[in-house]
2 protein chains.
Amino acid sequence: MTDETAWTIPSVAIAVDLAVLTVQSGQLRILLVRRGIEPFLGALALPGGFLASEDEDIDTAAARELAEETGLASEQLHLEQLRTYGAPDRDPRRRVVTVCYLALVPDLPLPVAGGDAQAATWVPVDKVLRRGRALAFDHKKIIADAVERARSKLEYTNLGTAFCPPVFTVTELRTVYEIVWGQRLDPRNFHRKVTNVENFLEPTGEQSTKNGGRPAMLYRRGSATVLYPPILRG
Amino acid sequence: MTDETAWTIPSVAIAVDLAVLTVQSGQLRILLVRRGIEPFLGALALPGGFLASEDEDIDTAAARELAEETGLASEQLHLEQLRTYGAPDRDPRRRVVTVCYLALVPDLPLPVAGGDAQAATWVPVDKVLRRGRALAFDHKKIIADAVERARSKLEYTNLGTAFCPPVFTVTELRTVYEIVWGQRLDPRNFHRKVTNVENFLEPTGEQSTKNGGRPAMLYRRGSATVLYPPILRG
DNA sequence: CCAAAAGTGTTATTAATACACCCATGC
DNA sequence: GCATGGGTGTATTAATAACACTTTTGG
C-alpha cells in the first residue's frame, strides 16, 4: 500500500456477486436471476449487489446476499471468496469491481423469490457454459471459474458434503462427485476411500432404506476438512 | 449483480497490493517497503497502491506496480490474483478494499529503489510470520495467505520454476521446494519425479559445472504447467 | 586417489484400479 | 426366489519411499 493521498484515488464502485452451486435432479446447477433493467435487460446474471453501507464487510455482504437469495444461514453451507473481477469495461455504465464468492449448498426446496429480490432459478451449468448467450457482463467467465474451483476442491476437501443434506449415504456423496466431475466413479473403491479416511465421515448409526436394496449407513460430515491422500480426477 | 442505482452505492477506495516472493540466500523472502507516513508510520508493508486511473484494469495495475518495484516485466515471473481483503476497519483513515496479488520471482540482483517508489527490501517470511509486529494493516494475514498459496501451488504446478533463473539444474529446483516447504526432499526421488513428468522440464543440452562434483544437466521450464501426479507435502 | 555432487537401479511399502463376490432389504 | 443397491475381499498395477550404488567432475 503506497502513501498516495486520498484525492488521487479514482472512484470505483464495489459489488459482491455470488456463484451459488447445487446438485439437483442429477445436474450441477447455478443460481441465476433474470435482469429487469438495462444493461443486459432480460439476460441471466449472478445474484449480487453493492455493499449495504460503507461499513459493511465484504464477507458479511456476501453472506447477507446469500441469505436474501436462498434463505440459508451459514450453517450446512459453504461460502468462500472466489476472485475479484475488475476489467474497466465489464459494466458499460460505470467502473464496477466485483468481489465474487462461491457458495455450495444442498438441494434446497426452492429459492424463495420474496421481498426485493428478483426471482431466482437453478440453471444447469452445462447449459450455461456451452451456450453462454444471454449471460450478463462477464458472468459466464465467473461461472466457469466457480465450477473449476468447486471441481478441484472436491479432490482434497470434504466440500462434497456441502451439496448433501445433513445426513447422507456414501452413495449420495459419490453421486455428488460424479455429477460435479461429470465422470463415473467405482462405487466400491469410492466407498472404501471415504470411509477409511479418518474423521472424514461420522457414522450416525442410522440406516437409510429409501432406495431398494440393502439399507445404507447414514453419515454426517466429519471433522476432517482435508482429504489426504486426495481423490484425484485423473 | 442487482439493479440498484448508482446513488445508493457507498464510496470505497480500491487498492492493489503485492505479495512478491522469492528464494534468496536459502530463505523464502517477501518484498516489503517501510511506510513513510501515518498510519503505521515506520512499519513494514506490502508494496502497492491505488489504481492509476479510473480506466485501469486491476490486473494491469498489479503488473504495473510489480514493474515499478522490481523492474521485472511479465516474462520469467508469475503473477496471479491472491484474494481481496475488505474488512471495514482495516485502514483507519477510510474504507479501503485491496485486491492482493501473489508474484513469484527469481533471485533478483536487487529491487531498485528509484523514482517515486520507496526503498523495498527482501524480508524472510519466517521472521515476518513469527514475530509479526511492525506489519502495517492486515498485511501479516495477507502474507500468511500468500505463503500458503505458494506452498500448495508447488505441489501440482510448475511454479517452482518461477523462483529459478531461466536455465537451472534439478538440484536448484529441489532446493526451491525444500526452502518453500521447509522440508527436506530425497534428491534421487525428486530428480526422477520431475524428469519423468512429460514436458515438465525441457533439457537444454548444456551442463552446469558451477558446483563441485559431477556436472548437472541444465533445464528450462517445460510446457507442462500442471504436475500429475502432484508432489504432495504429506 | 579422494571428496563432492549428479544421476540410476532396486526393493519395499503404499495407494489406486478393477472386478468377483457376499449382504440385506423390497416385492 | 429374485432384483436392487450396499458393502467387503482380493489381485493387479502404479506410485512413493528408502537407500545402495555408479558416474563425473575438481583438487
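Within every chain, numbering begins at 1; the chains are lettered A, B, ... in the order of the sequence lines, protein sequences first and strands thereafter.
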- Message: Measure CG/B:Leu218 against C1'/C:dA5 and give the value in whole Å, please.
- Response: 14 Å

- Query: How many Å lie between OH on A:Tyr228 and P on D:dT16, as a whole number?
  - Reply: 9 Å

- Task: On the 0 to 90° scale, with breaks at 30° and 60°, tag the A:Phe137-A:His139 ring pair as parallel, tilted or perpendicular.
- Result: tilted

- Message: What is the separation between atom CG on A:Leu232 and atom P on C:dA16, rounded to the nearest whole Å?
- Response: 8 Å

- Note on the structure: In terms of heavy-atom contacts, B:Gly160 and B:Val176 come closest through O-CG1, 3.8 Å

- Candidate nucleotides D:dG7, C:dA18, C:dT8, ranked by approach to the side chain of A:Asp186 - the nearest: C:dA18

- Item | B:Lys210 NZ to D:dG27 C1', straight-line distance once rounded to whole Å | 21 Å

- Message: Rounded to whole Å, how long is the line connecting atom CG of B:Leu173 with atom P of C:dG7?
- Response: 12 Å

- Item | Salt bridge present between A:Arg149 and A:Asp145 (N-O < 4.0 angstrom) | no

- For the pair made of CG in B:Leu185 and C1' in D:dA18, what is the distance, rounded to whole Å? 14 Å

- Answer yes or no: does a side-chain N or O of B:Lys193 lie under 4.0 Å from OP1 or OP2 of D:dA15? no

- Task: Check every strand shown and say whether B:Thr171 touches a base, only sugar-phosphate, or nothing at a heavy-atom separation below 4.0 Å.
- Result: sugar-phosphate

- Query: If you pin A:Pro215 and B:Pro215 to their nearest nucleotides in DNA chain C, which one's is more 5'?
  - Reply: B:Pro215

- Select from B:Pro229 and B:Gly213 the residue whose nearest nucleotide in DNA chain D is closer to the 5' end of that strand. B:Pro229

- Query: Phosphate oxygens OP1/OP2 of D:dG6: is one of them under 4.0 Å from a side-chain N or O of A:His191?
  - Reply: no

- Note on the structure: Only residue of A:Asn196, A:Thr195, A:Asn189 satisfying side-chain hydrogen bond (donor to acceptor under 3.5 Å, both in side chains) with A:Arg192 is A:Asn189

- Message: Let's test your reading of the model: under 3.5 Å, does the base of C:dG9 pair with the side chain of B:Arg192 as donor and acceptor?
- Response: yes

- Nearest of C:dG7, C:dT25, D:dG7 to any side-chain atom of B:Met217? C:dG7

- Between D:dG6 atom P and A:Glu206 atom CD, what is the distance in whole Å? 17 Å

- Separation of D:dG5 atom P from A:Phe168 atom CZ, nearest Å, is 21 Å

- Item | Donor-acceptor under 3.5 Å (A:Arg34 side chain, A:Gly42 main chain) | yes

- Go through C:dA24, C:dA18, D:dT8 for me and flag the one nearest to the A:Arg214 side chain. C:dA24

